[in-house]
Amino acid sequence: MDILIVLEDSSGKIHRLGLEAIVAAQSLANSQKLSVSSLVIGMNADDLSSEASQYNMDRVLKVKNDLVSSYSSDGYTEVVKQVIERESPKYIFFGHSYQVRDYVPKLSARLMKPFLADSVAFEVNEGLTVSTKQMYNAKLLSSTVPDCEPPYLISFQSAAFNSDNIILGSAQIEDYDISFDSSIIKTQSEEPFKESGEDLDLTSADLIVSVGRGIGKQENIPIAKDLAETIGADLSSSRPVVDSGWLPSVHQVGSSGQSVAPKMYLALGISGAIQHVVGMKGAKNIVAINKDPDAPIFEIADYGVVGDLLEIVPKLSEALR
Amino acid sequence: MKIAVLVKQVPGSESPLNIDSSEKGLDESQVTYITNESDNYAIEEALQICDKGEEGEVVIISMGPERVQKAIREALAKGAHRAIHINTNSSASSDPLVTASALASIMKDEKFDLIFSGLQSDDLGFGQTGVVLGEMLEMSTATLAMSTEVVDGKIRVKRELESGYFQWVTMTLPASISVQSGCNTPRYPSLKGIMGAKKKEITEVQFDEIDTFQSVKRLYSPSNSKETVMIEGSTEDIVEKLVDVLKNQIKIA
Ligand SMILES: Cc1cc2nc3c(=O)[nH]c(=O)nc-3n(C[C@H](O)[C@H](O)[C@H](O)COP(=O)(O)OP(=O)(O)OC[C@H]3O[C@@H](n4cnc5c(N)ncnc54)[C@H](O)[C@@H]3O)c2cc1C
Ligand SMILES: Nc1ncnc2c1ncn2[C@@H]1O[C@H](COP(=O)(O)O)[C@@H](O)[C@H]1O
């Protein structure tokens, strides 16, 4: 086995980042003549394996041990480690999901093999493995290489690969036996829940004015609110604005907030970190006002203004009234 | 309760980031440094456990060159009891396995009950160090903590999941927990705290470098692939052009 993709369960379906990881694996396999297999774990392993078997790969390994019927970092680490030890894949691919953030570093430590996390691109060239990774809050990119023998653990940032490009096929499903002692699981998990509270649905908003940390302080929020009201837009924000208590969490857009796709997203003092961008990149028109000409938000903006929002926005509201 | 908090110093969000001549790191002489954002929440989480009456000690641990002592002093001024500074030259660690090995080697004899770290560093952004360290010290681990409580010698952690979900997990101690920003309200140092911090102990240690498992071959600026229409001029010009874009291009109304 050359490439092993570990697929994550998302309510009985393959997590969308897993589909993107399959595309990553298929494209590497194609250029390097490598074989691809995948691993599914847990109580929905039957559904996941039949879904995975429709894609072009060799084997789908299915692990249904009771100890990993639901996720725990200790359990998953042990399962994937045992599979790696038995199958000796060179590359183990993951989508960079919250679950992967939680247990793959542990696997990396247990194997003492590198975890090239959150890659936006990946290539193997004349035997050299290179992962491209965003650093310094997406202001810079790095080419990162492993310095030791494989296996290498690699996770991909959302949208690094397009799941529309997945190649169909038919793969062999194998029941895969893993056993270990229950005492290695040191955490007990309760049921996932959603916080109840105020509700604000931004997903169907047509116009959005969104504030980031660049607004400076809570007392400045009305500047953005005023613009939003003037043009009949909804108000949203980045995470730090919520973390600082300047706006309630229902306003947050991004990977841990809402995903929006308005006709216009006006980003005020938002740097454009990936966790924010995943929640708004579907907007038809992105307008950004930011005083830093190198802010990553300008890479996705249709219209950009380099300037001080505190100066521009009040005048803009005035002019639009 | 003996608690360690991992604190990393990183470039401030408004700092210039000039790539040095090796093309592998930054020209540090131009950089202004601050405490990593999520680490401030980690410090607060530790201090709150002690405030709640758990008898305890909060030890700040930071690895990096001389300059990181500023971040350490700031944490001591907030109320941490003492600190360990692992002195390295700055390029020493762009590998979480190496950083965590160094941390583990000096922390293993301290027998911490809890380690708090930030979810992710704002410079290299591996999002791994706290978990790797916890594993090396054979601790329970959890990430994305939004709230914690120590009960009956265990720790309950509210973790952030995807799509707006949360989940409580209960773990045995010792445990290494990485916290998500927004999990509490970090305090500011008081004047008394700042004075008191001067007398607190910072133990300086060296560590023996080990071979890396991953390294940065090149650092570079991304190229802008999207055509962005830049709107320029005086504030008046900008406002006028923006109004035109909103009304006539995007057609907001
Ligand atoms: C697991 C995880 C999940 C996350 N989930 C989310 C999420 O759901 N949503 C989210 O937003 N973030 C999320 N984050 C955080 C994310 O990584 C960034 O830290 C965050 O998006 C940055 O917010 P910001 O752009 O407002 O602040 P900063 O990055 O601090 O940017 C502020 C910007 O304002 C500009 N500025 C400052 N003053 C002015 C001024 N006067 N005029 C104009 N511009 C100015 C600055 O140049 C800068 O670009 C998550 C992080 C992690 C690790
Ligand atoms: N050099 C360091 N010194 C102290 N703590 C660190 C260091 N590097 C990383 N950490 C801790 O580990 C967390 C995650 O960092 P990272 O794995 O680089 O994203 C940071 O928020 C810190 O709490």
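Chain naming here is simple, since letters A, B, ... match the order of the sequence lines and numbering starts at 1 in each.
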Asker: Have A:Arg239 and A:Gln275 got a donor and an acceptor in their side chains that come within less than 3.5 Å?
Answerer: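 There is no such pair (donor and acceptor under 3.5 Å, judged by atom type) between the side chains of A:Arg239 and A:Gln275.
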
Asker: Among A:Leu320, A:Leu266, A:Leu140, which has the most heavy-atom pairs under 4.5 Å with chain B?
Answerer: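 If we count pairs closer than 4.5 Å to chain B, A:Leu140 comes out on top.
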
Asker: Among A:Ser142, A:Ser143, A:Cys148, A:Gly257, which residue forms the greatest number of heavy-atom pairs with chain B at distances under 4.5 Å?
Answerer: A:Ser143

Asker: As an exercise: rank B:Ile238, B:Asn184, B:Asp122 by heavy-atom pairs under 4.5 Å with chain A and give me the winner.
Answerer: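 Among B:Ile238, B:Asn184, B:Asp122, the one with the most close pairs to chain A is B:Asp122.
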
Asker: Out of B:Leu133, B:Leu119, B:Thr143, return the one with the most heavy atom pairs under 4.5 angstrom to chain A.
Answerer: B:Thr143

Asker: With a 4.5 angstrom heavy-atom cut-off, is it the side chain or the backbone of B:Ile19 that approaches chain A, or both, or neither?
Answerer: side chain

Asker: For a side-chain hydrogen bond (donor to acceptor under 3.5 Å, both in side chains) check, start with the C-alpha distance between B:Ser121 and B:Asn36, then their side-chain angles and the critical distance, and finish with the verdict.
Answerer: CA-CA 6 Å; B:Ser121 58; B:Asn36 187 52; 5.6 Å; no

Asker: For residues A:Pro314 and A:Glu311, report the shortest heavy-atom separation together with the two atoms involved.
Answerer: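 Closest approach of A:Pro314 to A:Glu311, heavy atoms only: CD-O, 3.7 Å.
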
Asker: Using atom types as modelled and distance alone, determine if a side-chain donor or acceptor of B:Asp27 lies under 3.5 Å from a backbone N or O of B:Asp20.
Answerer: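 It does not hold such a pair.
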
Asker: Checking B:Ser215 against chain A: side chain, backbone, both or neither under 4.5 Å from a heavy atom?
Answerer: both

Asker: Would you check if B:Val229 and A:Asp302 make a side-chain contact, meaning some heavy-atom pair closer than 4.5 Å?
Answerer: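 No, side chains not in contact.
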
Asker: Against chain A, label B:Glu236 side chain, backbone, both or neither, depending on which of its atoms sit under 4.5 Å from a heavy atom there.
Answerer: side chain

Asker: At a 4.5 Å cut-off on heavy atoms, which part of B:Ile231 comes close to chain A: side chain, backbone, both, or neither?
Answerer: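 Contact with chain A is through both the backbone and side chain of B:Ile231.
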
Asker: Below 4.5 Å from any heavy atom of chain A, which atoms of B:Pro11 appear? Answer side chain, backbone, both or neither.
Answerer: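 For B:Pro11, side-chain heavy atoms alone lie under 4.5 Å from chain A.
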
Asker: Going by heavy atoms in the side chains, are B:Pro96 and B:Gln214 under 4.5 Å from each other?
Answerer: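 Yes - at least one pair of side-chain heavy atoms lies under 4.5 Å apart.
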
Asker: Applying a heavy-atom distance below 4.5 Å, give me the residues of residues 241-253 of chain A that approach chain B, sorted by number.
Answerer: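 Within residues 241-253 of chain A, the residues that come under 4.5 Å of chain B (heavy atoms only) are A:Asp243.
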
Asker: Side chain from CB out, backbone as N, CA, C, O: work out which of these in A:Asp118 comes under 4.5 Å of a heavy atom of chain B, or both, or neither.
Answerer: neither

Asker: Between A:Val287, A:Thr144, A:Val145, A:Leu116, which shows the greatest number of heavy-atom pairs under 4.5 Å with chain B?
Answerer: A:Val145

Asker: What part of A:His15 gets closer than 4.5 Å to chain B, counting heavy atoms only: side chain, backbone, both or neither?
Answerer: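 Contact with chain B: side chain only.
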
Asker: So what's closer than 4.5 Å to chain A heavy atoms on B:Glu162: side chain, backbone, both or neither?
Answerer: both

Asker: Could you tell me which portion of A:Ala233 (side chain, backbone, both or neither) has an atom closer than 4.5 angstrom to a non-hydrogen atom of chain B?
Answerer: neither

Asker: Among A:Ala295, A:Ser73, A:Pro146, which residue has the highest count of heavy-atom pairs closer than 4.5 Å to chain B?
Answerer: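 Ranked by heavy-atom pairs under 4.5 Å with chain B, first place is A:Pro146.
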
Asker: Is chain B contacted by the side chain of A:Ile289, its backbone, both, or neither, given a heavy-atom distance below 4.5 Å?
Answerer: side chain

Asker: So which of B:Tyr41, B:Phe126, B:Trp168 has the largest heavy-atom pair count under 4.5 angstrom toward chain A?
Answerer: B:Trp168

Asker: Kindly say whether A:Lys13 contributes a backbone atom to a donor-acceptor pair with the side chain of A:Ser10 at under 3.5 angstrom?
Answerer: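 Judged by distance alone, no pair lies under 3.5 Å.
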
Asker: Just give me the residue among B:Met136, B:Glu232, B:Arg156, B:Glu23 that pairs up with chain A most often, heavy atom to heavy atom, under 4.5 Å.
Answerer: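 The candidate making the most pairs under 4.5 Å is B:Arg156.
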
Asker: Would you call A:Ile274 and A:His96 a side-chain contact if the rule is heavy atoms closer than 4.5 Å?
Answerer: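 Result no, sub-4.5 Å side-chain heavy-atom pair not found.
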
Asker: Answer yes or no: is there a side-chain heavy-atom contact under 4.5 Å between A:Tyr265 and A:Ile270?
Answerer: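 SC-SC contact between A:Tyr265 and A:Ile270 confirmed.
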
Asker: Looking at A:Ser259, A:Ser256, A:Pro296, which makes the most heavy-atom pairs under 4.5 Å with chain B?
Answerer: A:Ser256

Asker: Does any heavy atom of chain B fall under 4.5 Å from the side chain of A:Ser72, the backbone, both, or neither of them?
Answerer: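 Neither; nothing under 4.5 Å.
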
Asker: Do the non-hydrogen side-chain atoms of A:Thr132 and B:Tyr220 ever get within less than 4.5 Å of each other?
Answerer: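 When only atoms from C-beta onward are counted, B:Tyr220 and A:Thr132 do touch, with a gap below 4.5 Å.
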
Asker: Select one option (side chain, backbone, both, neither) describing which atoms of A:Gln188 are under 4.5 Å from chain B's heavy atoms.
Answerer: both

Asker: Of the non-hydrogen atoms in A:Leu309 and A:Gly214, which two are nearest, and what is the gap between them?
Answerer: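 Minimum heavy-atom contact is CD2-O, 3.6 Å.
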
Asker: Is a side-chain donor or acceptor of B:Ser147 paired with a backbone partner of B:Lys158 at a separation under 3.5 angstrom?
Answerer: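 The answer is no, because no donor-acceptor pair under 3.5 Å joins these two groups.
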
Asker: Could you tell me whether the side chain of B:Ile115 reaches within less than 4.5 Å of the side chain of B:Met139, counting heavy atoms only?
Answerer: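 Side chain of B:Met139 against side chain of B:Ile115, heavy atoms only: contact under 4.5 Å found.
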
Asker: Does any heavy atom of chain B fall under 4.5 Å from the side chain of A:Leu141, the backbone, both, or neither of them?
Answerer: both

Asker: Counting only non-hydrogen atoms closer than 4.5 Å, can you tell me which residues of residues 171-182 of chain B sit against chain A?
Answerer: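 Residues B:Met171, B:Thr172, B:Gln180, B:Ser181, B:Gly182 are the ones that qualify, each having a heavy atom under 4.5 Å from chain A.
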
Asker: Report, as yes or no, whether the 6.0 Å neighbourhood of atom CG on B:Asp211 holds more than 12 heavy atoms from other residues, nucleotides or ligands.
Answerer: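 Not buried by this count: 12 neighbours or fewer within 6.0 Å.
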
Asker: Just list the side-chain donor-acceptor pairs under 3.5 Å for residues 104-114 of chain A, sequence neighbours left out, or say none.
Answerer:
unit_1: A:Lys106; atom_1: NZ; unit_2: A:Asp74; atom_2: OD1; d: 3.0
unit_1: A:Lys106; atom_1: NZ; unit_2: B:Thr141; atom_2: OG1; d: 3.0
unit_1: A:Ser108; atom_1: OG; unit_2: A:Lys113; atom_2: O; d: 2.7
unit_1: A:Arg110; atom_1: NE; unit_2: B:Glu135; atom_2: OE2; d: 2.7
unit_1: A:Arg110; atom_1: NH1; unit_2: A:Glu78; atom_2: OE1; d: 3.3
unit_1: A:Arg110; atom_1: NH2; unit_2: B:Glu135; atom_2: OE1; d: 3.3
unit_1: A:Arg110; atom_1: NH2; unit_2: B:Glu135; atom_2: OE2; d: 3.4
unit_1: A:Lys113; atom_1: NZ; unit_2: A:Glu149; atom_2: O; d: 3.0

Asker: Using non-hydrogen atoms only, which part of A:Ser189 is less than 4.5 Å away from chain B: side chain, backbone, both, or neither?
Answerer: both

Asker: For chain B, which of A:Ala138, A:Ala301, A:Ala117 has the most heavy-atom pairs under 4.5 Å?
Answerer: A:Ala301

Asker: Are any of the side-chain heavy atoms of B:Glu37 and A:Asn137 separated by less than 4.5 Å?
Answerer: no

Asker: Could you tell me which portion of B:Leu144 (side chain, backbone, both or neither) has an atom closer than 4.5 angstrom to a non-hydrogen atom of chain A?
Answerer: side chain

Asker: Are any of the side-chain heavy atoms of A:Tyr136 and B:Asp123 separated by less than 4.5 Å?
Answerer: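 A side-chain contact under 4.5 Å exists here.
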
Asker: Taking A:Gln134 for its side chain and B:Gly125 for its backbone only, find out whether a donor-acceptor pair lies under 3.5 Å.
Answerer: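 No.
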
Asker: Over 60° means perpendicular and under 30° means parallel, so classify the ring planes of A:Phe193 and B:Phe166, tilted if in between.
Answerer: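 Answer is tilted, since the angle falls between 30° and 60°.
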
Asker: Identify all side-chain donor-acceptor contacts of residues 242-251 of chain B below 3.5 Å with residues at least two apart in sequence or on another chain.
Answerer:
unit_1: B:Asp244; atom_1: OD1; unit_2: B:Asn248; atom_2: ND2; d: 2.5
unit_1: B:Lys251; atom_1: NZ; unit_2: B:Asn248; atom_2: O; d: 3.2

Asker: Do the side-chain N and O atoms of B:Thr35 and B:Asn40 include a donor-acceptor pair separated by under 3.5 angstrom?
Answerer: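 Their side chains do not contain a donor-acceptor pair, so the 3.5 Å distance test is not met.
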
Asker: Closer than 4.0 angstrom, basic N to acidic O: yes or no for A:Arg321 and A:Glu318?
Answerer: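 Looking at A:Arg321 and A:Glu318, the cut-off is met.
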
Asker: Which residue out of B:Glu14, B:Lys154, B:Lys24 racks up the most heavy-atom pairs below 4.5 Å with chain A?
Answerer: B:Glu14

Asker: Looking at chain A, which one of B:Gln120, B:Gln167, B:Glu227 has the largest number of heavy-atom pairs inside 4.5 Å, strictly under?
Answerer: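 The candidate making the most pairs under 4.5 Å is B:Gln167.
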
Asker: Pairing donors with acceptors under 3.5 angstrom, does anything connect the side chains of A:Tyr71 and A:Asp102?
Answerer: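 Note: A:Tyr71 and A:Asp102 side chains meet the donor-acceptor criterion.
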
